[in-house]
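Data block below; observations after.
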Amino acid sequence: MIRKIILTKPQTIQKTASFYSEALNEAQMEVVTKADGAALVLAGAGSGKTRTLVYRLLFLLDRGVRPENIMLVTFTNKAAHEMRHRAEKHLNQDIQNLWCGTFHHMGHRILRMYAKEAGLNPQFVIMDQDDSRRVIKQCLSSMKTHSSRVKFPQASVIQKIISLAVNTRKSIESIVLEQYDYFIPFIDELNQINKEYERRKRESDNLDFDDLIVLWIKLLKECESVREKLTNRFIHCLVDEYQDINELQNEVVELTAKKHGNLLVVGDDAQSIYSFRGAQVKNILKFPDRYPHCKIFRLESNYRSSEEIVSLANRSILNNEQQFRKKLVSLAGSHERPLCVRVRETREQAFFVADQLIELMDQGIALSDIAVLFRARYQAADLEWELSRRQIPYVLRGGVRFFEQAHIKDLCGYLRIIQNPKDAISWDRVLGFYPGIGPKTAHKLHQAYMQFILQGKSPKVLCESQWPPSTLKSAGAKLREFQSIMKGLFNLQEQNTDPESFILYLLDSNFKRMMENRYDNAKDRLDDLLELSRFARHYETVGLLLNDISLKENFKGESFDGSESSERPEQLILSTIHQAKGLEWKAVFILGLAEGQFPHHMTANNPEATEEERRLFYVAVTRAKQKLYLMHPLTRYDRQAGTVIMRTSPFIKELPEESYELAEAMTEDQFDLQEEDTIFLT
DNA sequence: GAAAAATGGATTTTT
DNA sequence: TCCATTTTTC
């Protein structure tokens with residue numbers, strides 16, 4: 001027998017020391033070259049955190065670490081793409097086998113590799129949040145044990161509670177006690193619903209988002225062979241946005257990094273804004289306690305924002321108790337003071353922004369270099385209307401996600417039935433399209449079908465006259481079109497056709513007419529579906545396509561081929577602050593800096609929640625490079641109460657007056673009545 | 001008994 | 001504007 005020896009190919013061309021020192025400052029250089037073992041990087045806003053991580057990655061590769069031995073966890077797919085793309089650009093070649101993505105992505109990848117060990121049916125399909133909500137709703141109606149006298153929580157609230165319990169590794173009871181005390185009487189029922197929810201998920205071979213991580217942890221804990229493979233594999237673990245990590249994710253990180261102990265976490269405690277998903281600032285604050293020998297690095301030079309903007313941000317965050325004290329120093333030079341603009345009402349807020357956009361563009365700032373940020377989606381409504389009226393192009397980030405739109409899910413329903421006959425939610429959805437069939441009948445039809453499958457019949461029995469059985473014949477007559485569509489899909493499946501053809505087939509079948517009947521803007525929606533078919537080209541199987549669709553976070557109007565980092569189209573960005581994390585613009589408007597809007601009224605009287613709101617404000621402010629507008633509408637319109645007066649946001653009031661300039665904007669007729677020194681606007 | 005139509009109510013942030 | 005519950009129809 002001849003011994004086989006595997007040679008390691010050199011992965012990259014060796015970079016010289018100057019390659020790093022030219023691109024990085026001293027502090028960043030330290031991180032890149034010395035962050036072995038446990039390391040915490042406290043990276044302030046605009047301090048070149050992404051750049052540092054990319055160079056750390058290059059450095060590791062340079063040192064001969066193989067890409068498959070590195071795990072780089074990011075918060076969004078977009079961030080993952082961005083980093084990979086930048087690293088590949090430096091190397092001038094693709095980095096094969098690097099594990100770079102979100103927690104959910106990696107969980108998915110691992111569960112696919114080890115489906116058998118995890119006790120999963122390999123054809124499992126991932127549900128999104130809306131699917132979870134629907135399943136819970138079904139659980140609710142099937143149990144209907146709750147008394148209708150007191151209002152029982154809605155499906156979406158139950159979903160939130162269950163998910164929060166999973167992500168914080170607490171019981172439902174303690175979540176309810178801590179955050180939903182008005183549901184205390186329902187704790188038993190909630191536990192029951194949770195049980196039923198779990199049962200249904202398992203029965204239909206569906207995994208929800210949280211399962212991707214829960215089962216990954218389970219695999220690491222309970223399956224020794226897999227644990228060995230996975231912990232040996234990841235010699236270096238790098239975690240981005242560590243301040244937003246929750247207990248569940250933390251556990252997966254610790255288990256994975258335990259063996260080699262090379263755990264580099266990067267984050268900014270001042271930017272922790274995801275507590276509603278179970279994230280806790282304390283994770284980053286306590287990191288040095290958990291790893292007593294860890295190295296701590298600080299990146300406190302800000303290359304993004306002007307001195308005035310950084311100063312305002314620093315002043316603001318000083319009001320928070322829970323934090324690592326650090327001071328961000330601006331290296332971007334002096335510009336002008338942020339402008340706090342008072343307007344009479346929310347519509348005038350939109351007028352001001354629109355007017356000012358024109359002004360900024362006259363000054364040579366590109367529309368794509370400007371963003372409007374807000375706390376909650378509805379705050380953008382007036383502005384959207386005004387922008388459309390003036391024909392200013394914009395994209396709204398934070399609306400419905402592209403892949404969560406009803407028509408996309410309608411089409412995927414058919415594909416999911418083919419992929420996984422047990423998928424109860426999809427059956428419910430698809431059969432509901434046909435007149436005369438509602439949830440009850442759909443359920444029975446699905447049950448009847450599963451009976452056939454269990455008897456060993458081929459899935460194609462669906463298209464034959466044996467199905468549905470005679471007890472359901474009256475419903476069966478309404479399903480001719482359904483059966484003919486399914487027949488076509490089964491045929492494609494037998495021919496092993498690519499996913500794109502599946503979609504094109506559906507768009508050519510009577511599915512198209514159904515869409516036209518169902519939606520008044522069917523044309524747009526069918527265009528979206530055509531777009532989906534193009535997206536599907538990148539996938540080999542329908543199963544892989546479906547699971548990626550569930551995990552994609554792209555919004556309507558964004559491209560989703562992964563090439564987004566190159567050049568931005570010439571349009572204004574409207575975004576929630578949460579969605580704006582990690583991004584930057586020359587000019588930024590923040591809407592609704594009024595009491596009740598920002599900080600959000602739900603957080604009043606809760607000091608911890610108010611601190612998180614302040615961190616959110618901090619994130620918003622530090623997105624701006626040169627110009628920052630803090631908008632304060634004095635009134636808002638409420639359906640019941642009519643016009644409501646709003647006071648200045650405490651986040652503005654607590655700032656020293658010299659940190660911003662105050663302006664008042666009004667329309668021409670109002671201006672005539674005033675003589676004070678104000679900004680003139682039409 | 002189940003589906004369709006009509007009415008009433010409410011809205012933070014997201015992988 | 002969209003969603004959930006109630007009322008009406010088959």
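Naming convention: chains lettered A, B, ... in sequence-line order (proteins, then strands); numbering from 1 in each chain.
- A/Y242 and A/N250 share a donor-acceptor pair across their side chains, judged by distance under 3.5 Å alone.
- Considering only the side chain of A/T76, B/dT15 comes nearest among B/dA3, B/dT12, B/dT15.
- For the OP1/OP2 pair of B/dT14 and a distance below 4.0 Å, the side-chain nitrogens and oxygens of A/R377 include at least one atom meeting the criterion.
- If you check the side chains of A/D210 and A/S163, you find a donor sitting under 3.5 Å from an acceptor.
- Between B/dT12, B/dT14, B/dT15, one nucleotide has an atom nearer to the side chain of A/F276 than all others, and that is B/dT14.
- The NZ-P distance, from A/K160 to B/dT14, rounds to 11 Å in whole Å.
- Whole-Å rounding puts the A/D131 CG to B/dT15 P distance at 16 Å.
- Side-chain proximity of A/R375 to C/dA4, B/dA3, B/dT13: nearest is B/dT13.
- The shortest distance between the side-chain N/O atoms of A/S275 and the OP1/OP2 oxygens of B/dT13 is not below 4.0 Å.
- Between B/dA3, B/dT12, B/dT14, one nucleotide has an atom nearer to the side chain of A/A376 than all others, and that is B/dT12.
- In summary, the aromatic rings of A/F482 and A/F433 are positioned with their centroids too far apart to meet the 6.0 Å limit.
- Nearest-nucleotide positions on DNA chain B for A/K444 and A/H600 put A/K444 closer to the 5' end.
- To the nearest angstrom, P of B/dT15 lies 15 Å from CG of A/D240.
- Regarding A/L140, its CG atom lies at a distance of 15 Å from the C1' atom of C/dC3, rounded to whole Å.
- Note: A/R416 CZ to A/D205 CG = 12.0 Å, rounded to the nearest 0.5 Å.
- We find that CD of A/Q154 is positioned 16 Å from C1' of B/dT12, with the value rounded to whole Å.
- Residue-nucleotide stacking is not present for A/H578 and B/dT13, judged by a side-chain ring centre under 5.5 Å from the six-membered base ring centre and planes under 30° apart.
- At distances below 3.5 Å, at least one donor-acceptor pair connects side-chain atoms of A/T622 with backbone N or O atoms of A/V619.
- Sparse packing is recorded around CD of A/E608, with 12 or fewer heavy atoms of other residues, nucleotides or ligands lying under 6.0 Å away.
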Exercise for the section: Starting at the 5' end of DNA chain B, write a dot or bracket for each base, bracketing those in Watson-Crick or G-U wobble pairs whose two distances are under 3.5 Å and using | for partners on another strand. Expected result: ||||||||||.....
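- In this structure, A/F75 forms no aromatic stack with the base of B/dT15, since the conditions of centre separation below 5.5 Å and plane angle below 30° are not both met.
- A/T576 has no side-chain polar atom (N or O) that falls below the 4.0 Å cut-off from OP1 or OP2 of B/dT12.
- Taking only side-chain nitrogens and oxygens, A/Q579 comes nearer than 4.0 Å to OP1 or OP2 of B/dT14.
- Whole-Å rounding puts the A/K440 NZ to C/dC10 C1' distance at 17 Å.
- For A/Q597 and B/dT11, the CD to C1' distance is 13 Å, given to the nearest whole Å.
- The CD-P distance, from A/Q159 to B/dT13, rounds to 15 Å in whole Å.
- Of the side-chain N and O atoms in A/K137, none sit less than 4.0 angstrom from OP1 or OP2 of C/dC3.
- Among the protein residues, A/Q129 comes within range of the nucleic acid bases, having at least one heavy atom under 4.0 Å from a base atom.
- Note that A/R112 lies in the cation-pi zone of A/F124, set by a 6.0 Å cut-off to the ring centre and a 45° limit from the axis.
- Within the nucleic acid shown, A/T603 has no heavy atom closer than 4.0 Å to any nucleic acid atom.
- For the residue pair A/D382 and A/T346, a side-chain donor N or O sits within less than 3.5 Å of a side-chain acceptor on the partner.
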